[in-house]
Amino acid sequence: MLSNKLIFCVSVTLAILVVILLATLSPLPHRKPSSKPWLALSLYIQQPQTAGVPNVHTVAPQDAGALIFHRVLTEEPKNTSKVIGKAQGFILPVEQFAHSGFNIIYLTFDTHEYSGSVSIQAKGSGSDRRDELRVVGGTGSFAFVRGFAVLTQKDDRDTDLVVPYHIRLHLNYPNRSKTIPG
């Protein structure tokens, strides 16, 4: 009976030692420490390419009920540059709904670095060539982000070319160290 107690005590002591050694000697996970909670991205929303029509501007008619669009996001202003996602939106161009919560633009990313989406609320508008929009959330790599987006036309010259929109995102990640009581 003494030998059973001895075997039990030795096995418990060895198990505790193994757990302590594994906890102290195991490598840490490969995570990049995030020193800044801000992320700045610069990308381009390409206009659709229409053959035979030289100057295509996507301006909604005054009597339009809603403007729904699907565009491609690229890294550079050229329409042949690498596609990194898509831009989709639902805009009510009627003046009474200019400050509506329904005016939303979704940017969806599908790259090696980022996978997820960012939701941008388009309340009102700035000048003809520059809008400052509010980022209201995201999913995936952009979960719970807030911030702002600046949407401008790439080329200030009045040309007959189809001009992409340049969008700069300034995203703020929430403090993830807080725990939710439960």
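Qualifying side-chain contact (heavy atoms from CB on, under 4.5 Å) partners for Glu75, counting only residues two or more places apart in sequence or in other chains: Lys82, Ile84. In this view, Ile7 satisfies the side-chain contact (heavy atoms from CB on, under 4.5 Å) rule with no residue, not counting sequence neighbours. When the side-chain hydrogen bond (donor to acceptor under 3.5 Å, both in side chains) test is applied to Gln88, the partners found at least two apart in sequence or on another chain are His70. Evaluation of the side-chain contact (heavy atoms from CB on, under 4.5 Å) rule for Ile20 yields Ile16 as partners, not counting sequence neighbours. In this view, Phe148 and His170 satisfy the ring pair (Phe, Tyr, Trp, His ring centres under 6.0 Å) rule, not counting sequence neighbours. Considering only residues two or more places apart in sequence or on other chains, Ser42 meets the side-chain hydrogen bond (donor to acceptor under 3.5 Å, both in side chains) condition with His166. The side-chain contact (heavy atoms from CB on, under 4.5 Å) test applied to Thr108 returns Lys86, Ser117, not counting sequence neighbours.
Here the CG atom belonging to Leu133 is positioned 9.5 Å from the CG atom belonging to Leu169, to the nearest 0.5 angstrom. Put simply, OH on Tyr173 and CG on Leu39 are 5.0 Å apart, with the number rounded to the nearest 0.5 Å. Separating the CZ atom in Phe90 from the CG atom in Asn103 is a distance of 8.0 Å, to the nearest 0.5 Å. Taken to the nearest 0.5 Å, the CD1 atom of Ile45 stands 9.5 Å off from the OG1 atom of Thr74.
Shortest non-hydrogen contact noted between Pro77 and Pro164 is O-CG, 3.5 Å. Closest approach of Val136 to Gln121, counting heavy atoms only: CG1-OE1, 3.6 Å.
Tested against Val135 for a side-chain contact (heavy atoms from CB on, under 4.5 Å), the candidates Val118, Asn172, Ile105 yield a single pass: Val118.
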Criterion ring-ring contact (aromatic ring centres under 6.0 Å, His included) on Tyr114 and Phe142, from CA distance to verdict: CA-CA 8 Å; Tyr114 303 110; Phe142 306 100; 5.4 Å; yes
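Looking at heavy atoms from C-beta onward, Phe109 lies in side-chain contact with Leu107 at the 4.5 angstrom threshold.
Under the 4.5 angstrom side-chain criterion for Ile, Leu, Val, Met, Phe, Trp and Tyr, the cluster partners of Leu21 are Leu25. Taking a 4.5 Å side-chain heavy-atom cut-off between Ile, Leu, Val, Met, Phe, Trp and Tyr, the cluster of Leu22 extends to Val18.
Connection of Phe69 to Leu43 is established within a shared hydrophobic cluster, with ILVMFWY side chains joined at heavy-atom distances below 4.5 Å, either directly or through further cluster members.
Defined by atom type and a distance below 3.5 Å, a donor-acceptor pair is missing between the side-chain atoms of Gln46 and Arg71.
Formation of a donor-acceptor pair under 3.5 Å by the Ser141 side chain with backbone atoms of Ser115 is found in this model.
Heavy atoms of other residues, nucleotides or ligands lying less than 6.0 angstrom from OH of Tyr106 number 12 at most.
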